[in-house]
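All remarks here apply to the structure that follows.
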Amino acid sequence: MRLIKVEHTYKIYKNGTTAIADLSVSIDKGEFVFVIGPTGSGKSTFIKMLYREEKPTNGQVIVGGIDVAKLRNSKVYKLRRKLGVVFQDFKLLPKLTVYENVAFALETLGLPNSEIRPKVLKAIDSVGLKEKTRNLPNELSGGEQQRVAIARAIVNDPKLLICDEPTGNLDPETSKEIMNILEKINQESDTTIIMATHDKELVNKMKKRVLAFENGVLVSDTKKGSYKVHESTKDIKKKRS
Amino acid sequence: MKALRILRRSVRDSFKSIFRNLPLSMASIICITITLILVSLSLFLSYNVRQITKTLEHELTVVVYLKKDVTENQKKEIENDLKTMDNIDEYRIKSKEEFKSEMQKESEDLATAFESLEGDNPLLDSIIVKVKDVSDLKETAEKLRKYDFVQSAEYGEGMVENIIGIFDAISIGTAGIVIALVVVTSFLISNTIKITIFSRKTQIEIKRLVGASNVAIKLPFVFEGFILGIFGSILPILLSIYGYTILYNETHGYLFTRIITLVPPFPFVFIVSFILVAIGSIVGMIGSWLSVRKHLKI
C-alpha cells in the first residue's frame, strides 16, 4: 500500500537555488528507506517537504493521502499528527521532563490524562528509558535524548516516522542502539521509516532501500542498497538531455 | 470536553512557563508595572485637572443687574424665563438690601458710607445666574441683556473667555497625555512579551512539529500574557488605592486652596484600578497573540 507519492516535484528557493529537480518517487507502507547524499544534495529538502517544513514549488507530494503542496499553513497540524519526526539535535523542550516531553505531543491533541499516561509510559518503555521519566533532557546522554525524541515521535502511533540524521550527533555504539530501536519500531508496528543519513557504515549494514541524492536529483533508488559513490549529477543530466 | 481539556492545559502550561522562565517573566512584569504606574499617575492627574476646571467653571456666573425702577411683575417675568432656559443651571435673586448688608459687613468704610446716605440704597437688585455650559456664558449674558428692565449682565468678559480657553487646553492636553501613555504602554508591554516569546521560538516550532494546532499553540501564550498583565498591574493598583487615599486624607481633599478640590478616592481609585488591570491584561493577551502568530508562519 502506497504511503508517499512524489511526482515531478521541484523545490526552487527564492534566491534561485534548485534544491530538488524533477523528483518522482513512491514509498509503501512499512518500508524502511535511507535517504543519502552529500551536504547540499537535496536530501534534507526532500525530508522537509514530507512533513511540510518546506513547500514544493511545483509538482505533487502526497503523504498519507494529504497533498502537502496544497496544505494551508493553519492545517499543517493535520499532516503532522499522522507522522513523527526525529532530528539530529533532538529538539526536546529543555524545561520539561522526559515524561512531559513525550506527553505533550498527546496533550496538544486534547486527549484525557487517563489515555495519555499508558501511551506515554509504553513509548518511553519501548525506547528503554523507563527509569528516567522524571529526568530533564540535560540530565541525559545524547543517545538517551535521542531515544526520548523517538518516544515522542512514536507515542501517537504514526504511520510514518521521519528521521533527519538522527545519529549525526552520536558515537557509533549509540548510533547502533538507535538503529536497533528504529528497526524494532519498523518491524513491530509496521511503521514506515524514512531516514536521512551520512553514516555509510549504518546504511551498508542494514541493507534497506536507499534513495541517493546529488545536486537536487535522485540519482539512484535501490532495494537493499548501500552507500555508493554515484555518478556526478552533471553526467546524469547530460544523459537525460 | 476536548476543548475544555486543551483550555485547562493551556492555563496550567502558562503558569508553568511563567515560573520556568522566571527571569524573563519578572522582566515583563517589572516593565508592565513601571508603565502602568505612569498610566495611573496620568489618570489621576488628568481626572483631577478636569475636576478642578469643572469646579472653577462652576464658579463662573453671570450677574444680572436690574434697573432701579424694576417692578415685581418684571422680576417674576425674568425668573419664569430663567426657569425655561436650557443652559441655566441655577440662579439666585439678590436684593439690593442683601447686597448692602453684605457690603457693610465686608468693610467698615463702606458701612460708614451707607450710614451717610441716611437709609437711601443706591445699589441695584440683581440675579446671580450659573450656567450649565460655560462656553455659552456670553450668549446667555447677551440674552439677558435684551430685557428692558435689565441694566446690565456681566460675566467678566475677556478674562472668562481666556480662562475657558485655558481650561479646554488643559483638558485636551491631559487627555492627550493619557492616550499617549496608554499607546506607549501597549507598545512596551507587547514588545516585552514579544521578547519573552522570541526566546521560546524553538518551543513553538516543536509544538508545531508534534501536531499542535495553531490555536493550541497560541492559547498558553495568550494566557501567559494575560497573567503577566495581571501580575504587572498589582503594584500599580495598590499604589493607586493606598497612595491616592493617603494623599486625599492628608490634604483633606484640597490642594493649596479650597478652590482646588481633589476627586474623592472612592469609587475613583477602583475605576483607575480597573482601567490598569484591563490595560495590562488585554495588551498582554493581544501582544502574545500577535507575537506567536508571527512564529507560526512558514
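Chain letters run A, B, ... following the sequence lines, proteins first, then strands; residues in each count from 1.
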Count the heavy-atom pairs under 4.5 Å between each of A/Asn113, A/Leu111, A/Val155, A/Val85 and chain B, then report the option with the highest count.
A/Leu111

Results of ring-ring contact (aromatic ring centres under 6.0 Å, His included) for A/Phe34 - residues two or more places apart only:
A/Phe32

How far does CD1 of B/Ile217 sit from OG1 of A/Thr108, to the nearest 0.5 angstrom?
8.0 Å

Interface residues of residues 7-21 of chain B facing chain A - heavy atom cut-off under 4.5 Å
B/Arg9, B/Arg12, B/Lys16, B/Arg20, B/Asn21

Smallest heavy-atom separation, A/Ser74 atom then B/Asn214 atom, equals CA-ND2, 3.6 Å

How close do A/Asn73 and B/Arg208 get, heavy atom to heavy atom, and via which atoms?
OD1-NH2, 3.0 Å

Portion of A/Pro158 that has a non-hydrogen atom of chain B nearer than 4.5 angstrom:
neither

Would one find more than 12 heavy atoms of other residues, nucleotides or ligands at under 6.0 Å from atom CZ of B/Phe274?
no

With a 6.0 Å cut-off (strictly less than), is the heavy-atom count around CZ of B/Phe187, excluding the residue itself, greater than 12?
no

Can you confirm whether A/Arg152 sits close enough to B/Val210 that some side-chain heavy atom of one is under 4.5 Å from a side-chain heavy atom of the other?
yes

Counting only heavy atoms not in A/Arg81 (residues, nucleotides, ligands), do more than 12 fall under 6.0 Å from its CZ?
yes

Enumerate the residue pairs fulfilling side chain to side chain donor-acceptor pair (under 3.5 Å) with a member in residues 230-242 of chain B, sequence neighbours excluded, ordered by first and then second residue.
B/Ser40-B/Ser240

Are B/Leu209 and A/Phe87 close enough that some pair of their side-chain heavy atoms sits under 4.5 Å apart?
yes

Find the one option among A/Ala105, A/Pro94, A/Pro112 whose heavy-atom pairs under 4.5 Å with chain B are most numerous.
A/Pro112

Taking ring-ring contact (aromatic ring centres under 6.0 Å, His included) as the test, write out the residues that go with B/Tyr244, two or more places apart.
B/Phe44, B/Phe268

Counting neighbours of CG on B/Asn249 that are heavy atoms of other residues, nucleotides or ligands and sit closer than 6.0 Å, is the number greater than 12?
yes

